[in-house]
Amino acid sequence: MRDARRRIPAVHHVLAAGRLPELRGLYGHAPVKEAVEAVLARLRERLAAAGGSGPGDAGVNLAPEAVARLVEEEVERAMAPSLRRVINATGVVLHTNLGRAVLSDSARLAVQEAAGAYSNLELDLASGERGSRHDHVEGLLCRLTGAEAAMVVNNNAAAVLLTLTALAAGREVIVSRGELVEIGGSFRIPEVMAQSGARLVEVGTTNKTRTEDYRRAIGPDTGLLLKVHPSNYRIVGFTAAVALEELVAIGREAGIPVMYDMGSGALIPLDRYGLPGEPVAWEAIAAGAGIITFSGDKLLGGPQAGVIAGRRDLVERCRRHPLARALRVDKMTLAALEATLKHYRDPDAAMAAVPVLRMLTMPPEELAARADELAGLILARAGGAARVEVCPGLSQVGGGSLPGTELPTTLVAVVPERLSVNALAARLRQSRPAVVARIEGGRLLLDPRTLLPGDAAAVATALARALS
Ligand SMILES: *Cc1c(COP(=O)(O)O)cnc(C)c1O
């Protein structure tokens, strides 16, 4: 038998062919060699499956150059980043699965600076003494929230865990039954409480909790009164909740601090921009909350982080707790957070510079114009393969913020002619950059609210490919 397998080129011949020397320079020898071996093994199998009969090579081109091309693809696939760019056409501004907040330009630059050089992360340059990483944002956070002291940890879940642990381990924490929330499937107040070593004391009912409920529950072991913003749901109908001010008054009488997990923690009131109902950090401090916690990457529009702010003695106990070290943020997060917070020194500047705020407050005329532009691009490139129309719709805030707030938008609806809408969506997710859209009523819906500059053209290109 003239075994075609014998004509499979040797590894070193393939390694010298095509663009492989260049790829070895780029990625190193090992991943390229591994890919050559994988490709050759596949070719051997194919030839074996074809029976090795006759003079043919089962339609396989065994020239080193041809094999090298297969290896190139294999190497590029293996070395492509797993975490890669996605175009968010869902209109969900704070999409947790898509990485929540997109950073501002200056926050991005700050990350780049911090990543590629040494910094004064924990060095006081004036005295030459050891500094604290919290110093880089504490002043800004205090200015923006009115708090006496502040620190930052990995995320708001970490902020809640650290605060409960440092301030109430072994003691009782009183929470309304209407506020025992679960966020994002894994953060549940009762479970975080158990982890912290504090004992949960539930008061009131799901829909109504009154001041007497808190008063009656207070005892010698009470360490904290906890208020939690029910970020991702609303209780409607016959409801009663105790306002922060009232809770603070109850705490004062008993000498017990009030902690407020604000969830998003807006730094500026958003009602005047048509986004009502999200509590503002400085209002909570002004109302007398002893300690507040909130996320860095929800409405704030910064990096993943959890802010702890409030009375100096309480923040100090959090800082000194051993868990603080385990939950601390890195320099890139601090750099991005500092740059993001600086925008808020002027609310109008923040509205213009922070992408999350810009997206949430995008005027209807702009959304309509951008939808028209997107529809035009799609029609020009893929008009024959799909029905494309522009229609009114709603965007969501997402990220467990502003539940029930639906923002009017203009959508581009695409109905493929020769493909199911699910198959189209799957192809779009596989394109580079990936495109993620919504499906509703058999139509693919694209919301211009969350598209970044340049995304519209990329969406049209991806659609044209996916539809062809
Ligand atoms: C989102 C949220 C959390 C968790 O915050 P992460 O920053 O995602 O860890 C905790 N509490 C409330 C009320 C929230 O809304």
Side-chain angles (χ1 to χ4, degrees), residues 92-103 137 141 145 150-165 167-168 173 175-196 198 200 209 224-235 241 244 247 258-267 270 275 277-281 283-284 289 291-310 318 323-324 326-330 333-334 336-337 340-341 356 360 396-405:
V92 181
V93 176
L94 296 171
H95 201 306
T96 300
N97 297 355
L98 302 184
R100 286 204 191 150
V102 171
L103 297 181
V137 289
L141 284 168
T145 62
M151 66 181 288
V152 179
V153 288
N154 180 59
N155 56 12
N156 189 30
V160 174
L161 175 65
L162 175 59
T163 314
L164 289 174
T165 310
L167 304 182
V173 176
V175 192
S176 161
R177 287 205 168 86
E179 297 175 359
L180 294 174
V181 302
E182 170 179 305
I183 313 272
S186 54
F187 177 89
R188 293 174 143 193
I189 288 289
E191 286 167 15
V192 176
M193 189 81 74
Q195 196 62 42
S196 75
L200 172 65
T209 302
L224 272 180
L225 304 181
L226 173 62
K227 187 169 181 61
V228 182
H229 180 52
S231 304
N232 53 3
Y233 71 100
R234 283 237 163 99
I235 297 177
L244 182 60
L247 203 55
V258 171
M259 165 176 168
Y260 188 12
D261 172 13
M262 307 187 68
S264 240
L267 286 180
L270 295 169
L275 300 167
E278 203 62 24
V280 182
E283 288 176 357
I291 198 132
I292 60 174
T293 69
F294 54 91
S295 291
D297 57 353
K298 290 186 180 172
L299 286 177
L300 190 62
Q304 179 191 303
V307 173
I308 300 173
C318 294
L323 252 189
L327 303 175
R328 78 181 184 187
V329 280
D330 77 320
T333 301
L334 281 167
L337 185 61
T340 306
L341 291 171
V356 166
L360 287 174
Q396 282 168 18
V397 178
S401 303
L402 299 160
T405 301

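Atoms within a ligand are numbered from 1 in the order they appear, just like the ligands themselves. This structure is a prediction, so every number in the text was calculated from the model and none was measured. This chain uses plain numbering: 1 for the first residue, then up along the sequence.
Pairing each heavy atom of Leu267 with each of Leu300, the nearest pair is CD1-CD1, 2.9 Å. Taking every heavy atom of both residues into account, Gly302 and Leu103 meet most closely at C-CD2, 3.4 Å.
Residues Ile291 and Tyr260 form no side-chain contact, since every pair of their non-hydrogen atoms from C-beta on lies 4.5 Å or further apart. The closest side-chain heavy-atom distance from Ser295 to Arg100 is below 4.5 Å.
The distance criterion of under 3.5 Å between nitrogen or oxygen atoms is not met by Ser264 with respect to ligand 1. Residue contacts with ligand 1: Lys298 is placed with a nitrogen or oxygen under 3.5 Å of a nitrogen or oxygen of the ligand (distance criterion only). Residue Val228 has no N or O atom closer than 3.5 Å to an N or O atom of ligand 1.
Near His229, with a cut-off below 4.0 Å to any heavy atom, the atoms of ligand 1 are 13 (C). Near Ser295, the atoms of ligand 1 lying under 4.0 angstrom from a non-hydrogen atom of the residue are 5 (O), 6 (P), 7 (O).
Residue-level proximity to ligand 1 for Arg100 is carried by the side chain, the only part with a heavy atom below 4.0 angstrom. Neither the backbone nor the side chain of Gln304 comes within 4.0 Å of ligand 1, counting heavy atoms alone.
Between the side chains of Ser176 and Thr209, a donor-acceptor pair is found at a separation under 3.5 Å.
Taking Thr340 as the reference, Ala107, Pro303, Tyr344 meet the side chain to side chain contact (heavy atoms under 4.5 Å, CB included) condition, with sequence neighbours excluded.
By the 4.0 Å heavy-atom criterion, Val181 is excluded from the residues contacting ligand 1.
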